[in-house]
Amino acid sequence: ALIFDSGKIVDATAEEGIYTFDSSTSPSLFAGQFGEMFKEMWERFKFGGAVAKEQAIFFVNVKEILDNKFGSSSPMPYHDPVYRNIYIRYHGLYSFKIADPFLFVGNIAGNVSGEYTKEMLMNQANAEFVNAFDVALSSCAKEGITFSSLPGEQLRLARHMNEALDEEWKQRRGMEVVSVAIEKITPDDESRSRIEQFDTAAMYGNSEYAAG
């Protein structure tokens, strides 16, 4: 909960239980799970984000936000370490969380009256996620991850996604990716044909397989 008074963030709390706001005392926001972050961000973000001469409370969901679908609308290039340049389609789910409530409210939700819902955020966020995912795939290719192994690289993909989205999400909005799960990944028809030819040639290049 972020408490606004006359256009300023004057207090905040991230602890369970009863909370009492007292404008005559110093802020209590340095306690709770976001204590260290509040100390760092207090001076920078205590101004702005609400209409002047109005008191308001913004409740921010800081839990992991699950079940966000993503996918490629057309085949995307992937430089596979085994099959070289191929094109793949993919779709899956990702989760994220609001890691910095000050940034999120100050830069996104602070000028909204009433509720600011997930639906109001996701059109833009999903487009940015897919663009960054292509960058993350490129990083995986450089690290020698074959396209067929990508579904098992959730932690690696999440790390690369946070690197790719650092400026758009973490620095501007206080958001970060928690997990990325690829449900299905398939090569396009031309790439599939090349992969089958490659596998066949590799099989017959093995003396035991050739003898069989």
Side-chain angles (χ1 to χ4, degrees), residues 1-4 7-17 19 21 29 32-38 40-41 44-46 48-51 54-74 76 89-137 150-151 153-185:
L2 303 180
I3 295 88
F4 284 74
K8 307 175 194 176
I9 298 177
V10 294
D11 205 353
T13 180
E15 294 188 326
E16 298 177 357
Y19 169 81
F21 170 59
L29 53 77
Q33 63 172 311
F34 291 101
E36 291 301 318
M37 181 184 299
F38 287 161
E40 294 177 4
M41 308 302 290
R44 183 176 176 187
F45 292 104
K46 65 181 178 181
V51 180
E54 179 183 1
Q55 290 182 326
I57 300 177
F58 287 87
F59 293 96
V60 183
N61 179 12
V62 295
K63 293 183 178 181
E64 184 178 359
I65 300 173
L66 305 168
D67 298 328
N68 305 287
K69 296 181 180 180
F70 73 95
S72 57
S73 57
S74 59
M76 305 301 298
R89 287 187 175 91
Y90 55 81
H91 68 265
L93 298 170
Y94 72 95
S95 67
F96 68 95
K97 67 179 180 180
I98 298 170
D100 189 331
F102 272 116
L103 267 176
F104 185 81
V105 172
N107 292 334
I108 292 186
N111 294 320
V112 176
S113 59
E115 294 184 343
Y116 185 83
T117 64
K118 174 184 173 181
E119 287 71 23
M120 299 169 69
L121 171 68
M122 294 316 295
N123 282 341
Q124 180 71 22
N126 282 335
E128 293 171 351
F129 183 92
V130 170
N131 287 336
F133 193 73
D134 295 336
V135 178
L137 287 180
L150 287 172
E153 297 291 338
Q154 296 186 31
L155 295 178
R156 187 191 302 267
L157 284 167
R159 185 180 74 248
H160 287 317
M161 287 301 299
N162 279 317
E163 293 171 354
L165 288 168
D166 180 69
E167 183 176 352
E168 289 294 324
W169 279 29
K170 195 167 186 178
Q171 295 184 32
R172 287 180 52 192
R173 300 174 184 156
M175 298 162 48
E176 63 181 38
V177 176
V178 177
S179 65
V180 181
I182 298 178
E183 293 184 316
K184 189 173 183 180
I185 182 167

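Just so it is clear, the model here is predicted, and its values are computed rather than measured.
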With a 4.5 Å limit on heavy-atom distance, are the side chains of [X] and [Y] in contact?
| X | Y | answer |
| --- | --- | --- |
| Arg172 | Leu103 | no |
| Trp169 | Asn162 | no |
| Phe96 | Leu66 | no |
| Lys118 | Asn68 | yes |

Rounded distance [0.5 Å steps], [atom1] in [X] versus [atom2] in [Y]:
| X | Y | atom1 | atom2 | answer |
| --- | --- | --- | --- | --- |
| Met76 | Asp134 | CE | CG | 3.5 Å |
| Phe129 | Met122 | CZ | CE | 9.0 Å |
| Ile3 | Phe58 | CD1 | CZ | 11.0 Å |
| Ile65 | Leu121 | CD1 | CG | 7.5 Å |
| Ser73 | Arg89 | OG | CZ | 9.0 Å |
| Leu137 | His160 | CG | NE2 | 9.5 Å |

What are the two closest non-hydrogen atoms of [X] and [Y], and how far apart are they?
| X | Y | result |
| --- | --- | --- |
| Val62 | Pro101 | CG1-CG, 4.0 Å |
| Val130 | Gly71 | CG2-O, 3.9 Å |
| Phe4 | Val105 | CZ-CG1, 3.6 Å |
| Leu150 | Ile185 | CD1-CD1, 3.5 Å |

Polar side chain donor-acceptor pair, Ser95 to Glu64, under 3.5 angstrom: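 Result is yes, a qualifying pair exists.
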
Parallel, tilted or perpendicular, as decided by the 30° and 60° cut-offs, for the rings of Phe104 and Tyr116: perpendicular

Tyr90 and Phe133 aromatic ring geometry - parallel, tilted or perpendicular at 30°/60° bounds: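 Because their plane-to-plane angle lies in the 30° to 60° range, the rings of Phe133 and Tyr90 count as tilted.
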
salt_bridge(Arg173, Glu128) N-O dist < 4.0 Å: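 Salt bridge: yes.
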
Lys97 vs Lys63, side chain to side chain contact (heavy atoms under 4.5 Å, CB included): CA-CA, chis, key distance, verdict: CA-CA 6 Å; Lys97 67 179 180 180; Lys63 293 183 178 181; over 6 Å; no

Test log, rule side chain to side chain contact (heavy atoms under 4.5 Å, CB included), inputs Leu157 and Ile182: CA-CA 10 Å; Leu157 284 167; Ile182 298 178; 3.8 Å; yes

Candidate pair Val180 and Phe70, rule side chain to side chain contact (heavy atoms under 4.5 Å, CB included), full reasoning: CA-CA 10 Å; Val180 181; Phe70 73 95; 3.9 Å; yes

Test side-chain hydrogen bond (donor to acceptor under 3.5 Å, both in side chains) applied to Asp67 and Tyr94, step by step: CA-CA 6 Å; Asp67 298 328; Tyr94 72 95; over 6 Å; no

